[in-house]
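Right, I'll just put the structure down here and ask away after.
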Amino acid sequence: MAKEDANLNLFKNETADGIAVDAEKKVKVGIIGTGWIADSHIACYKEMPDVEIVAGADLVPGKAEAFFKKHGVEGVKCYPDHASMLDNEELDAVSVCTYNRTHAECTIYALKKGVHVLLEKPMCVTLQEALDIRKAEKESGKVLSIGFQPRFDENMKMIKKIVESGVLGKIYYIQTGGGRRHGIPTPFGTTFIEDATAGIGAMADIGCYAMDMVLNAIGYPKPLTVTGYTSDFFGTRPSYYPTHPEYAEKFGVDDFAAGFIRLEGDIILDFRIAWAMHMDTCGDTLILGTEGGLKIPSTECWNGSVGGPMTIYHDVAGQRVETVIPIINDNGPGNFYKKTRSFLDALKNGLPSPVPSSQIIYNQAIIDGIVRSAKLGHEIELDIPDID
């Protein structure tokens with residue numbers, strides 16, 4: 001009985017999915033990049049009894065030290081870059097929270113060191129980087145999960161359940177996107193808007209979420225062709241930044257993007273996203289099928305959920321009917337916590353990646369395709385080689 005009690009005491013907590021947490025089996029975690037998104041990562045890790053935060057890295061001198069002091073985490077070894085941290089620490093996992101241009105470099109280095117990776121969105125900047133990441137992941141055998149926390153929202157899960165139920169029939173057209181009337185993210189400086197650090201703008205920041213919402217719901221079919229458009233009418237305007245007009249000269253990414261994408265299965269994806277525009281929304285998300293259509297209300301700034309109750313438009317006994325799907329209120333852990341916890345559960349229990357690169361590589365291919373098509377001024381075919 002004493003032995004059984006001792007074993008039971010190992011499980012002092014449970015995840016949102018009911019998986020027991022072995023609190024005595026600590027996961028040694030490092031954080032690469034200590035900017036604002038890292039605040040959410042460390043807040044989640046601090047709540048988990050089976051995590052030990054042992055190291056951090058940031059290119060800005062003193063930034064990592066100040067970050068851990070702010071969060072009250074002591075005894076953390078800080079390094080000036082990801083390589084020196086990974087070369088000198090025995091880590092189980094890292095959160096990659098750097099700017100977009102360094103996602104691939106940091107992730108590949110960590111995987112080659114045999115470390116599991118939770119990679120913030122977007123996956124990277126180009127399709128080639130995504131392929132390189134996928135290759136390193138396969139060679140390492142480690143868990144790589146991409147930071148799409150909206151996946152864990154119960155309303156997002158309902159979208160997938162509705163599609164998979166068959167009530168919509170064969171899906172043939174999807175309209176998605178959204179955006180902000182006035183929301184270029186410069187409160188944290190210019191790393192989001194400079195080409196040298198971000199590489200992609202609104203598409204990387206919020207557009208990838210909108211695409212994942214619908215692509216995940218329909219099983220992530222392979223994208224075949226893209227016609228893309230990007231613009232920067234607002235970001236390059238000094239008057240947009242009353243207190244920092246100099247930001248306009250630094251702006252080097254998209255503040256609006258649109259794409260017309262042909263997917264396997266004869267499905268059309270009509271996409272648009274904005275950081276700034278003279279409109280309150282780019283429109284609700286629509287999923288059209290042969291037996292029904294689903295309307296998903298937009299949000300003000302694309303916050304990772306839906307903007308209100310969803311509606312299924314279909315025919316019942318020859319009558320046109322609208323079925324309202326109420327908002328699901330989840331009183332459990334937040335989506336960011338679920339994202340982080342699911343990553344740890346996967347690496348500790350030998351589970352598949354909760355947000356696998358094999359899917360998100362298609363998301364990245366579309367973004368990359370929109371950029372390249374916009375520059376060329378015509379439709380392009382997507383060549384996405386299989387890494388498996």
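Just so it is clear, the values below take in all heavy atoms, side chains as well, and ignore hydrogens, waters and symmetry mates.
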Ring center gap for F68 and H71 short of 6.0 angstrom: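 Judged by ring-centre distance (under 6.0 Å), F68 and H71 do not meet the cut-off.
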
Under 3.5 Å, is there a donor-acceptor pair between the side chain of Y240 and the main chain of I184?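 Answer holds: yes.
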
Working to the nearest 0.5 Å, report the span between OG of S298 and CG of D284. 4.5 Å

One thing to verify: whether D50 and R341 come together as a salt bridge, which I'm taking to mean a side-chain N less than 4.0 angstrom from a carboxylate O. yes

Please tell me if the side chains of E120 and S95 come closer than 4.5 Å, counting only heavy atoms from C-beta onward.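 No, side chains not in contact.
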
Can D92 and K26 be counted as an ion pair, charged N to O under 4.0 angstrom? no

Without hydrogens or angle criteria, can the side chains of D58 and Y79 be said to hold a donor-acceptor pair below 3.5 Å?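 No, Y79 and D58 have no side-chain donor paired with an acceptor closer than 3.5 Å.
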
Less than 4.5 Å apart, side chain to side chain, heavy atoms only: is that true for D330 and F152? no

Between D153 and K338, does any NZ, NE, NH1 or NH2 come within less than 4.0 Å of an OD or OE carboxylate oxygen? no

F271 and I370, any side-chain heavy atoms less than 4.5 Å apart: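 Yes; the side chains approach each other to less than 4.5 Å.
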
Under a 3.5 Å cutoff, is there a donor and acceptor pairing between the side chains of H314 and T323?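 There is such a pair (donor and acceptor under 3.5 Å, judged by atom type) between the side chains of H314 and T323.
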
So is K112 actually on top of Y109's ring, under 6.0 Å and inside 45° of the axis? no

Can you tell me if T107 uses its side chain to pair, donor with acceptor, with the backbone of A104 under 3.5 Å? no

Aromatic rings F188 and W36: how do their planes relate, parallel, tilted or perpendicular, breaks at 30° and 60°? parallel

Side-chain donor-acceptor pair under 3.5 Å between R151 and Q359, yes or no? yes

Going by atom types alone, do D315 and Q319 pair a side-chain donor with an acceptor below 3.5 Å?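 No, because no side-chain N or O of D315 sits under 3.5 Å from a partner of the opposite role on Q319.
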
Rounded to the nearest 0.5 Å, how far does CD of E246 lie from OH of Y241?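 Reported to 0.5 Å precision, the distance equals 10.0 Å.
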
What is the ring orientation for H41 with Y45, classed by angle as parallel under 30°, tilted 30 to 60°, or perpendicular over 60°?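 Tilted, since the angle between the ring planes falls between 30° and 60°.
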
Roughly how far, to the nearest 0.5 Å, is OG1 of T285 from CD1 of I296?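 Going from CD1 on I296 over to OG1 on T285, the span is 5.0 Å.
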
Can you spot which of D254, D232, V253 makes a side-chain contact (heavy atoms from CB on, under 4.5 Å) with W275?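 Of the listed residues D254, D232, V253, the side-chain contact (heavy atoms from CB on, under 4.5 Å) partner of W275 is V253.
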
Strictly under 6.0 Å, is that where the ring centroids of F234 and H278 end up? yes

Roughly how far apart are I366 CD1 and L224 CG, rounded to 0.5 Å?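 Interatomic distance, I366 CD1 to L224 CG, rounded to 0.5 Å: 10.0 Å.
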
Can you check whether K160 reaches V214 side chain to side chain, under 4.5 Å on heavy atoms?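 Sidechains of V214 and K160: no contact.
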
Side chains of V94 and I31 in contact at under 4.5 Å (non-hydrogen atoms):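 Side-chain contact under 4.5 Å: no.
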
Between F148 and Y209, is the gap from one ring center to the other below 6.0 Å? yes

Taking only Lys NZ, Arg NE, NH1 and NH2, and the carboxylate oxygens of Asp or Glu, determine whether E154 and K157 approach each other closer than 4.0 Å. yes

From OG (S373) to CG (L376), nearest 0.5 Å: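 So the gap between those two atoms works out to 7.0 Å.
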
4.5 Å side-chain heavy-atom contact, L269 and L215: yes

